[in-house]
Number of protein chains: 2
Amino acid sequence: MKEYSVIIVDDHPVVREGYRRLIDLQPGLKIVGEAEDARSAYAQFRDLQPDVVVMDVTLPGASGVEAVRHIRQYDDSARIVVFTMHLSAAFALKAIKAGATSYITKSSDPKTLIEAIFGALHGRTVISPDVIEAIARDRISGMGTGLSDLSPRQTEILCLLARGWPAERIAEELAISQKTVRNNHYQIKSILGMETDAQLVWFALETGLLQAV
Amino acid sequence: MKEYSVIIVDDHPVVREGYRRLIDLQPGLKIVGEAEDARSAYAQFRDLQPDVVVMDVTLPGASGVEAVRHIRQYDDSARIVVFTMHLSAAFALKAIKAGATSYITKSSDPKTLIEAIFGALHGRTVISPDVIEAIARDRISGMGTGLSDLSPRQTEILCLLARGWPAERIAEELAISQKTVRNNHYQIKSILGMETDAQLVWFALETGLLQAV
DNA sequence: GTCTGTCTCGGGCAAATTGCCCGAGATTTC
DNA sequence: GAAATCTCGGGCAATTTGCCCGAGACAGAC
């Protein structure tokens with residue numbers, strides 16, 4: 001029986017132990033490497049050429065979605081199973097668009113993860129049921145994730161606004177006038193259909209633009 | 001050698017596997033039960049009377065801090081190690097005040113967790129270095145968590161504001177005038193020293209007043 | 001009893017911001 | 001090279017904020 005190689009990427013050591021217990025003891029799978037951030041994930045992939053990568057998308061430093069994109073750029077046939085806490089339609093869509101093969105939440109049954117890994121080996125995409133439901137709900141209630149309706153600049157400004165930066169500081173940071181920041185602020189709220197600034201924060205959080213501490 | 005009993009509480013199955021690998025294989029410790037939410041954590045504690053509880057504080061449904069309080073109410077000598085992703089001074093202080101013996105973040109070295117468990121058996125409190133630092137930083141920059149500086153009513157209004165409710169809806173909900181809501185809004189911001197509404201959301205999140213999805 | 005403190009609720013008003021519309025360069029896309 | 005899209009900001013009325021004030025309620029202190 002062929003044994004497939006796996007590398008795991010997660011920033012929490014205890015979670016990596018969990019993967020080992022789950023994946024390594026599975027006949028047919030073998031963990032050949034571990035990484036705890038996006039950069040070393042990429043390095044490990046290049047060095048070890050594993051059959052599958054299992055990774056969280058919330059990592060210290062660069063976003064895991066970036067890591068997915070990066071790895072797929074290097075090797076278009078890479079199989080990447082995203083395994084994360086975030087039950088967010090927007091997050092999932094971003095990951096899939098970036099090139100993830102599957103998207104599974106950590107509250108799923110461990111069996112689901114194993115199935116997703118074997119599925120990925122055969123190029124099958126698995127998305128856990130809770131995420132499917134979230135995506136469906138999202139599609140019904142609105143148009144897409146909403147994030148895609150914003151221009152890059154608007155996304156950038158939203159990011160700063162949601163962090164709690166005052167218009168003044170944003171204007172400095174981006175070297176534009178406060179007036180422009182305010183205009184964008186207004187535009188962003190009306191595009192996303194939000195009434196208050198607090199809602200913007202929640203949006204940024206749900207969408208994965210920002211991460212809760 | 002006496003073997004101490006442990007129950008683990010976490011809503012992610014894979015993380016629970018990680019605990020098993022870490023704790024169960026440790027000579028002197030044995031996992032006798034698992035729970036995935038606050039209610040069953042309490043039930044398990046009553047049924048199994050373990051020597052230590054290792055639990056995350058962000059659980060589906062009721063907050064883990066409540067679970068800590070509940071368990072300590074039932075058995076004042078219970079040893080509870082909080083093991084969580086949240087690197088937040090306010091969160092840690094709340095957990096400790098609720099009766100947690102130790103507070104360790106998931107990005108800590110696994111050894112730290114084991115040490116905290118054995119420490120807890122002897123009644124020692126262990127707080128991981130990153131949290132200590134966060135608390136120190138907090139104490140220096142402000143006075144306490146800040147939440148205690150707000151009146152009950154202000155806390156209530158903050159809660160609604162941080163959820164993203166417009167002043168109008170808050171006024172309705174609380175049956176007061178919009179003007180009063182606005183005055184409180186201003187007061188809250190100046191008491192807490194915040195400049196923007198987005199910062200209020202982060203404050204509510206860090207302080208445990210609200211929980212991120 | 002009265003006094004003092006704190007909380008809640010809101011009025012008032014100048015200063016600042018929002019909501020909304022507009023136009024001009026720069027870039028992209030076809 | 002025409003059309004579409006971004007980005008940047010001006011303008012201006014309507015609203016909100018920042019800040020100060022007073023009144024009624026209710027606690028505990030003396």
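Below, read A as the first sequence line, B as the second, and so on, with proteins coming before strands; counting in each chain starts at 1. Owing to the predicted nature of the structure, the values given are computational and were not obtained by experimental measurement.
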I'd like to know if [X] and [Y] make a salt bridge, using a cut-off of under 4.0 Å between side-chain N and carboxylate O.
| X | Y | value |
| --- | --- | --- |
| B:Lys106 | A:Asp11 | no |
| A:Arg20 | A:Glu17 | no |
| B:Arg69 | B:Glu66 | yes |

Could you tell me the separation between the [atom1] atom of [X] and the [atom2] atom of [N], rounded to a whole number of Å?
| X | N | atom1 | atom2 | answer |
| --- | --- | --- | --- | --- |
| A:Gln187 | C:dG19 | CD | C1' | 10 Å |
| A:His185 | D:dC8 | NE2 | P | 17 Å |
| A:Glu195 | D:dT16 | CD | P | 11 Å |
| B:Asp197 | C:dT17 | CG | P | 13 Å |

task = Indicate, with a heavy-atom threshold strictly under 4.0 Å, whether B:Thr180 touches base, sugar-phosphate, or nothing.
result =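 Base: the residue B:Thr180, judged by heavy atoms under 4.0 Å, touches a nucleobase.
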
request  = Describe the nucleic acid contact of A:Arg182 in one word from base, sugar-phosphate, nothing, applying a heavy-atom distance below 4.0 Å.
outcome  =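 Touches a base.
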
inquiry  = Using five pairs at each end of the helix from C:dG1-D:dC30 to C:dC30-D:dG1 to define an axis, what is the angle between those two axes, to 10°?
reply    = 40°

request  = Indicate whether the side chain of B:Thr180 and that of B:Asn183 have a donor and an acceptor atom separated by less than 3.5 Å.
outcome  = no

inquiry  = When you measure only distances, ignoring hydrogens and angles, does the side chain of B:Asn183 come within 3.5 Å of the base of D:dG18 through a donor and an acceptor?
reply    =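 Side chain to base: no pair below 3.5 Å.
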
request  = When you get a sec, tell me which of C:dC20, C:dT18, D:dC8 is the closest nucleotide to the side chain of A:Tyr186?
outcome  =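 Selected nucleotide: C:dC20.
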
task = Would you kindly compare A:Gln178 and B:Val181 by the position of their nearest DNA chain C nucleotide and give the one closer to the 5′ end?
result = B:Val181

query = Considering heavy-atom distances to DNA chain D, does A:Asn184 or A:Lys179 have its closest nucleotide positioned more toward the 5' end?
reply = A:Asn184

request  = Specify whether A:Tyr74 and A:Tyr42 have parallel, tilted or perpendicular ring planes, treating 30° as the upper limit for parallel and 60° as the lower limit for perpendicular.
outcome  =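 Aromatic pair A:Tyr74/A:Tyr42 classed perpendicular.
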
request  = In sequence, state the C-alpha distance, the side-chain angles, and the governing distance for A:Asp56 and A:His12, and then conclude on side chain to side chain donor-acceptor pair (under 3.5 Å).
outcome  = CA-CA 10 Å; A:Asp56 196 346; A:His12 300 305; 6.0 Å; no

